[in-house]
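Presented below is the structure to which this report refers.
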Number of protein chains: 2
Amino acid sequence: MTTAQARRTPADRHDERRQALADSALRTLGELGYARASLREIANNSEFSHGVVHYYFRDKLELIVYCVREYKARCVHRYDEVVETSRTPEELVAGFADKLVETIVEEAPMHRLWYDLRSQSMFEESLREAVLQIDQTLEDMVWRVVTTYADLSGRAPAMASAVTYGILDGLFQQALLGHLCDKEGVLDELRHRVHDLMPVLLT
Amino acid sequence: MTTAQARRTPADRHDERRQALADSALRTLGELGYARASLREIANNSEFSHGVVHYYFRDKLELIVYCVREYKARCVHRYDEVVETSRTPEELVAGFADKLVETIVEEAPMHRLWYDLRSQSMFEESLREAVLQIDQTLEDMVWRVVTTYADLSGRAPAMASAVTYGILDGLFQQALLGHLCDKEGVLDELRHRVHDLMPVLLT
DNA sequence: GGCAGGTCTTGACGAGTGTCAAGCATCCGG
DNA sequence: CCGGATGCTTGACACTCGTCAAGACCTGCC
């Protein structure tokens with residue numbers, strides 16, 4: 001029936017457009033934030049007109065949650081390569097720290113959107129489920145880094161997964177804010193802090 | 001001239017009303033967040049009507065920045081008593097951890113507002129000055145706790161002030177989100193985590 | 001009392017919002 | 001070549017927003 005037999009079934013086309021729309025939305029959301037990104041603005045930054053949103057999504061919230069889940073899926077394996085290729089603890093720490101800095105430089109809009117949404121979820125219950133799910137995914141991602149680091153070091157993580165994530169997330173958020181405020185040296189500081197901190201995360 | 005000689009000079013009355021309006025605004029902002037707290041809603045939760053805002057404040061932004069600065073002034077000495085009365089490191093850690101938990105329970109709306117504003121400042125430049133200033137004040141507050149803890153322990157802080165703040169802020173934010181999402185045991189976890197973490201913050 | 005002055009309410013404005021229905025375009029099977 | 005379904009645009013709706021001007025209220029002084 002619906003198995004992928006033909007080149008491009010109508011349903012595929014539908015999903016493609018949905019995806020394209022979500023991509024545009026994500027760009028606009030990263031630029032303006034959750035509150036100020038209107039559907040008209042989102043549509044303006046895409047190849048569609050403002051009415052089409054309700055053809056592919058029930059309402060604004062469904063669009064945004066879809067976007068953010070997509071972002072999650074795209075972002076969650078950002079550190080996998082570092083984890084897999086590192087052969088020494090020093091190599092992993094260096095790779096991890098560099099990747100964090102690179103993330104801030106290249107994906108600042110996406111990540112300020114994430115912090116925006118997480119803050120909004122403290123007010124809007126309808127966002128909480130998606131936010132908690134994504135937060136868990138990020139925690140798992142960090143945990144993969146730290147457990148690998150522990151293995152390479154022949155030691156064990158000193159703290160629970162959530163604590164480790166909370167700490168690193170705090171530092172990352174601080175650096176992101178500093179970077180967006182044009183504070184000098186914030187990226188190098190983050191790199192050094194990660195280097196200093198990682199050993200502390202093991203027993 | 002303008003010295004406080006009379007019972008209540010007109011200028012005083014003016015400031016009192018300004019303050020009362022700011023208090024109402026702060027309550028509404030804590031309830032709805034930065035984006036959804038309209039001037040009408042703020043006025044509804046006060047003894048005034050919606051037009052009066054522009055009598056006491058130039059515009060919405062001036063009102064909000066005024067509110068948040070007031071909040072800062074009110075909140076910045078929250079841990080002073082713990083710092084001043086503790087005679088042993090254990091006492092200080094326990095008092096600090098309890099106070100953090102108490103803050104989440106009693107002042108959750110104010111603090112989600114703070115995180116909301118800090119996120120918004122990543123998008124709106126007009127908020128950054130105030131946000132950075134408040135962030136620094138919070139960092140100083142945490143630093144007072146940690147240096148006192150170090151003194152009582154006869155040791156020295158292991159990390160820079162900003163790192164220490166970033167770490168604790170990360171954990172606090174995580175606990176606040178969990179608390180607002182009705183996650184069980186989140187407050188006790190925070191308490192234990194602070195107990196575990198504080199020794200790590202010293203050399 | 002009456003008349004300023006500051007204080008506050010009311011109502012309106014234009015701009016912007018999410019949503020949706022009606023209609024145009026485009027494509028595909030007959 | 002046609003006709004219907006699908007995809008998309010346009011325009012309108014009901015609403016909310018920040019802002020401000022016009023006037024009412026109120027208070028205190030002559």
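None of the values given here were measured: they were computed from a predicted structure. Quick note on labels: first sequence line is chain A, next is B, and so on, each numbered from 1.
Protein atom CG of Leu39(A) is 12 Å distant from nucleotide atom C1' of dC20(C), rounded to whole Å. Protein atom CD of Glu16(A) is 18 Å distant from nucleotide atom P of dT6(D), rounded to whole Å. When rounded to the nearest whole Å, the span between CG of Asn44(A) and C1' of dT17(C) equals 14 Å. Rounded to an integer number of Å, the gap from Leu21(B) CG to dC8(C) C1' is 12 Å. dC8(C) atom C1' lies 13 Å from atom NE2 of His14(B), rounded to whole Å. The CD1 atom of Ile42(A) sits 15 Å away from the C1' atom of dG16(C) (whole-angstrom rounding). Across the protein-nucleic acid pair, Glu47(A) atom CD and dT9(D) atom C1' stand 14 Å apart, rounded to whole Å. The nearest whole Å value for the distance from the CZ atom in Arg36(B) to the C1' atom in dG18(D) is 18 Å.
Phosphate proximity of dG7(D) to Tyr55(A): present, with a side-chain N or O under 4.0 Å from OP1 or OP2.
A donor-acceptor contact closer than 3.5 angstrom links the side chains of Tyr71(A) and His111(A).
Taking only side-chain atoms of His54(A), from C-beta outward, the nucleotide of dT19(D), dC20(C), dT7(C) with the closest atom is dC20(C).
At most 12 heavy atoms of other shown residues, nucleotides or ligands fall within 6.0 angstrom of atom NE2 in His192(A).
Mapped onto DNA chain D by nearest heavy atom, Arg40(A) and Ser49(A) fall at different nucleotides, with Ser49(A) at the one closer to the 5' end. Mapping His50(B) and Arg17(B) onto DNA chain C via the closest heavy atom, the residue that lands nearer the 5' end is Arg17(B).
Residue contacts for Ser38(A): at a heavy-atom cut-off of 4.0 Å it reaches the sugar-phosphate backbone alone, with no base atom in range.
Looking at heavy atoms from C-beta onward, Met122(A) lies out of side-chain contact with Leu113(B) at the 4.5 angstrom threshold.
Here the closest non-hydrogen pair linking Leu171(B) and Val163(A) is CD2-O, 3.9 Å.
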